[in-house]
Participant: 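Would you mind keeping the following structure in view while I ask a few things?
Only heavy atoms go into these numbers, but all of them, side chains included; no hydrogens, no water, no symmetry mates.
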Amino acid sequence: MEMRRIIILAVILLINKIGIAQNKSITITGTIAGLEKPTLAKLFQVNGYKTDTLATTNIIKGKFNFRLTNKSEPTFYFLKIDGLMGAVTLFLNSGNVEVSGSAMQWTKVSIKGSASHKDYEVYHYMVDSLEQQGQELSTKLSKALQLQDSLTIAELDKHLKRIISEYEQRQRDFVKTHSDSFYAPIVINNAKWHWLKKRELFRGLSVRVKDSKYGLTLAKNLVKWKKESGLLEVNDTIPGFIASNSNGKNIEVKEAIKSNKLTLIDFWASWCSPCREENPLLVKTYNQNKKNGFDILGISLDEKDADWKQAILKDGLLWEQVSDLKGWASPITKQYLAGMPFNFIPQNFLVDANGKILARNLRGDALGKMINDLLHK
């Protein structure tokens with residue numbers, strides 16, 4: 001009796017295993033009206049610069065069938081029929097897929113049975129019309145530029161920017177509403193947004209999508225884009241520099257911070273109204289915490305020595321101040337404030353004695369609270 005139960009269990013497990021294996025296969029069944037003569041259907045993939053033919057089958061009375069195995073994640077396939085122009089894009093996982101339509105409108109056939117391909121279709125339904133409008137406007141704009149028609153150029157440029165804005169918004173809408181779609185990281189990867197926006201949307205994707213080949217490719221690109229941008233973030237280490245203080249003495253940043261528990265590296269300028277408004281709060285924070293191992297190093301984007309020094313005195317800034325008086329062209333500024341979508345000050349970095357960034361761009365009460373928490377933990 002016990003042996004019989006073991007055999008039955010083994011059979012059940014085998015059946016389940018076979019069922020799972022079958023579910024991982026793809027069956028593509030096609031019915032194309034208007035194909036009276038026998039011809040061939042071909043399924044292929046693009047592998048880099050090479051096209052790999054995966055399968056070829058006969059089409060008889062407009063019907064054909066493919067069966068192939070697939071990995072657990074959707075893959076792009078391209079379906080072509082001999083004698084018909086163009087190929088149909090398929091983004092398929094496992095399952096039974098039905099392709100139906102007319103030879104007269106071959107590239108507009110209906111594709112059913114694949115959730116991943118449905119996502120692909122939804123996305124392109126959202127953006128393709130705008131992409132076409134953008135291409136048409138770009139062509140008209142090129143002609144207007146050749147004719148030096150300034151009024152037409154201004155009008156077309158305004159319209160084109162509106163189309164691009166709407167196009168990018170629809171891309172973001174798709175990603176936000178399809179966070180569990182394998183097509184979402186493809187959209188993010190190919191979009192023309194700033195990489196910080198790409199990273200923000202990547203973080204909203206589901207775990208399985210992040211761990212997919214498309215998610216991992218995007219993650220790898222985000223690392224590359226961050227490195228190329230030079231953006232400094234929490235847990236990064238600040239780069240070293242030497243600059244003159246308000247008395248003409250050279251200050252090396254790593255030396256200036258190593259004896260402090262915490263240092264706020266503050267970028268400001270005398271001409272920056274938000275910076276000047278923030279200074280009284282910094283003075284208060286400095287006075288409250290300087291005995292506990294906290295200091296500030298001010299880096300000014302001023303270009304006029306007198307303006308810089310006058311602002312230091314007027315605002316009562318008692319901490320070390322440095323500047324090379326080169327404004328936004330300063331190598332220090334370029335290195336520290338790189339990678340942001342646009343330039344602005346005030347900006348700051350809260351670092352430990354080793355130069356590790358603990359926070360960036362905290363102000364007011366939020367800055368005071370974090371400093372207090374870190375100094376008294």
Side-chain angles (χ1 to χ4, degrees), residues 11-132 135 174 177-178 180-187 190 208-209 212-214:
V11 170
I12 292 172
L13 291 172
L14 180 60
I15 291 172
N16 288 338
K17 185 176 181 180
I18 292 171
I20 292 169
Q22 289 176 339
N23 287 337
K24 287 186 178 179
S25 66
I26 301 175
T27 300
I28 303 174
T29 303
T31 304
I32 307 299
L35 293 177
E36 304 299 332
K37 296 180 180 180
T39 186
L40 294 176
K42 298 177 181 178
L43 197 66
F44 61 93
Q45 287 181 299
V46 176
N47 184 11
Y49 296 101
K50 185 176 66 171
T51 300
D52 296 330
T53 301
L54 301 179
T56 301
T57 190
N58 292 312
I59 301 178
I60 301 174
K61 294 183 179 180
K63 296 184 180 296
F64 63 88
N65 183 276
F66 288 104
R67 186 177 181 84
L68 61 155
T69 57
N70 189 23
K71 297 179 181 179
S72 59
E73 299 170 3
T75 301
F76 281 104
Y77 300 94
F78 300 91
L79 179 62
K80 184 170 176 56
I81 292 179
D82 282 359
L84 299 183
M85 293 292 292
V88 173
T89 302
L90 304 170
F91 188 54
L92 306 178
N93 203 352
S94 56
N96 299 317
V97 179
E98 296 179 5
V99 179
S100 60
S102 167
M104 294 292 291
Q105 293 185 304
W106 159 236
T107 56
K108 296 182 179 180
V109 294
S110 170
I111 300 162
K112 297 180 179 179
S114 169
S116 54
H117 187 82
K118 181 66 175 176
D119 291 343
Y120 170 85
E121 288 186 330
V122 167
Y123 171 75
H124 285 281
Y125 178 79
M126 292 173 68
V127 302
D128 280 0
S129 62
L130 287 173
E131 185 172 340
Q132 184 176 349
Q135 290 172 351
F174 174 84
T177 56
H178 293 77
D180 197 42
S181 169
F182 290 104
Y183 201 60
I186 297 172
V187 172
N190 293 332
R208 72 162 190 152
V209 170
S212 71
K213 62 182 178 182
Y214 305 108

Participant: With sequence neighbours left out, write down each residue that passes side-chain hydrogen bond (donor to acceptor under 3.5 Å, both in side chains) with Ser116, or none if nothing qualifies.
Facilitator: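 Counting only residues at least two positions away or on another chain, Ser116 forms a side-chain hydrogen bond (donor to acceptor under 3.5 Å, both in side chains) with Ser114.
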
Participant: Over all heavy atoms of both residues, which pair between Pro74 and Lys213 is shortest? Give the atoms and the distance, please.
Facilitator: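 Smallest interatomic distance, heavy atoms only, reads O-CE, 3.9 Å.
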
Participant: Answer yes or no: does atom CD of Gln45 have more than 12 heavy-atom neighbours from other residues, nucleotides or ligands under 6.0 Å?
Facilitator: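 Yes - once you tally the heavy atoms of other residues, nucleotides and ligands closer than 6.0 Å, there are more than 12.
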
Participant: So, the side chain of Arg67 versus the backbone of Ile28: is there a donor-acceptor pair under 3.5 Å, distance only?
Facilitator: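 The answer is no, because no donor-acceptor pair under 3.5 Å joins these two groups.
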
Participant: Is the count of non-hydrogen atoms from other residues, nucleotides or ligands lying under 6.0 Å from Glu121 atom CD greater than 12?
Facilitator: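 More than 12 heavy atoms, drawn from other residues, nucleotides or ligands, come within 6.0 Å of this atom.
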
Participant: Test Leu40 against Thr57 for side-chain contact (heavy atoms from CB on, under 4.5 Å), laying out the working first.
Facilitator: CA-CA 6 Å; Leu40 294 176; Thr57 190; over 6 Å; no

Participant: Would you indicate whether the side-chain heavy atoms of Trp106 and Leu79 approach each other to under 4.5 Å?
Facilitator: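 Contact flag for Leu79/Trp106 side chains = yes.
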
Participant: A side-chain contact here means heavy atoms from C-beta on lying under 4.5 Å apart; do Val97 and Ile111 qualify?
Facilitator: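 Val97 reaches Ile111 side chain to side chain.
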
Participant: Is it true that Asp82 and Thr39 share a donor-acceptor pair across their side chains at a distance under 3.5 Å?
Facilitator: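 There is no such pair between these side chains.
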
Participant: At what distance, to the nearest 0.5 angstrom, does CG of Leu92 lie from OG1 of Thr89?
Facilitator: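 The distance works out to 10.5 Å.
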
Participant: Apply side-chain contact (heavy atoms from CB on, under 4.5 Å) to Val109 and Gln105, showing your working.
Facilitator: CA-CA 7 Å; Val109 294; Gln105 293 185 304; over 6 Å; no

Participant: Give a yes or no on whether Phe76 atom CZ has more than 12 heavy-atom contacts from other residues, nucleotides or ligands under 6.0 Å away.
Facilitator: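 It does: Phe76 CZ has more than 12 such atoms within range.
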
Participant: Would you tell me whether Tyr183 and His124 have side-chain atoms, one donor and one acceptor, within less than 3.5 Å of each other?
Facilitator: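 His124 and Tyr183 do have a side-chain donor-acceptor pair below 3.5 Å.
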
Participant: Can you tell me how far the CD1 atom of Ile81 sits from the CD1 atom of Ile32, to the nearest 0.5 Å?
Facilitator: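 Ile81 CD1 to Ile32 CD1: 5.0 Å, rounded to 0.5 Å.
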
Participant: Excluding sequence neighbours, so at least two apart, what forms ring pair (Phe, Tyr, Trp, His ring centres under 6.0 Å) with Phe64?
Facilitator: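 Expected list: Phe66.
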
Participant: So, taking the atom named CG in Leu84 and the one named OG in Ser102, what distance separates them when rounded to the nearest 0.5 Å?
Facilitator: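 Spacing of CG (Leu84) from OG (Ser102) equals 9.0 Å.
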
Participant: What is the distance from atom OG1 of Thr51 to atom NZ of Lys42, rounded to the nearest 0.5 Å?
Facilitator: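 Thr51 atom OG1 to Lys42 atom NZ measures 11.5 Å (nearest 0.5 Å).
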
Participant: Working to the nearest 0.5 Å, report the span between CZ of Phe44 and CZ of Phe78.
Facilitator: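 Rounded to the nearest 0.5 Å, the CZ-CZ separation comes to 6.5 Å.
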
Participant: Taking atom NZ of Lys118 as the centre, report whether more than 12 heavy atoms of other residues, nucleotides or ligands fall under 6.0 Å from it.
Facilitator: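 Not buried by this count: 12 neighbours or fewer within 6.0 Å.
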
Participant: Parallel under 30°, tilted from 30 to 60°, perpendicular over 60°: which one fits the rings of Tyr120 and Phe91?
Facilitator: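 Correct class here is tilted.
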
Participant: Among Ile26, Val88, Val46, exactly one meets side-chain contact (heavy atoms from CB on, under 4.5 Å) together with Tyr77. Which residue is that?
Facilitator: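 So, applying the side-chain contact (heavy atoms from CB on, under 4.5 Å) to Tyr77 and each of Ile26, Val88, Val46, only Ile26 qualifies.
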
Participant: Does any non-hydrogen side-chain atom of Val209 lie less than 4.5 Å from one of Asp180?
Facilitator: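 In contact.
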
Participant: Kindly determine whether Thr75 and Leu90 satisfy side-chain contact (heavy atoms from CB on, under 4.5 Å), including the steps that lead there.
Facilitator: CA-CA 8 Å; Thr75 301; Leu90 304 170; over 6 Å; no

Participant: OG1 of Thr29 to NZ of Lys63: how many Å apart, nearest 0.5 Å?
Facilitator: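 It comes to 9.5 Å.
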
Participant: What closest approach, in Å, do Phe182 and Arg208 show between heavy atoms, and which atom pair accounts for it?
Facilitator: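 Closest pair (atom of Phe182, atom of Arg208, distance): CE1-NH1, 3.3 Å.
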
Participant: Between Asp52 and Lys50, is the closest basic N to carboxylate O distance under 4.0 Å?
Facilitator: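 Yes.
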
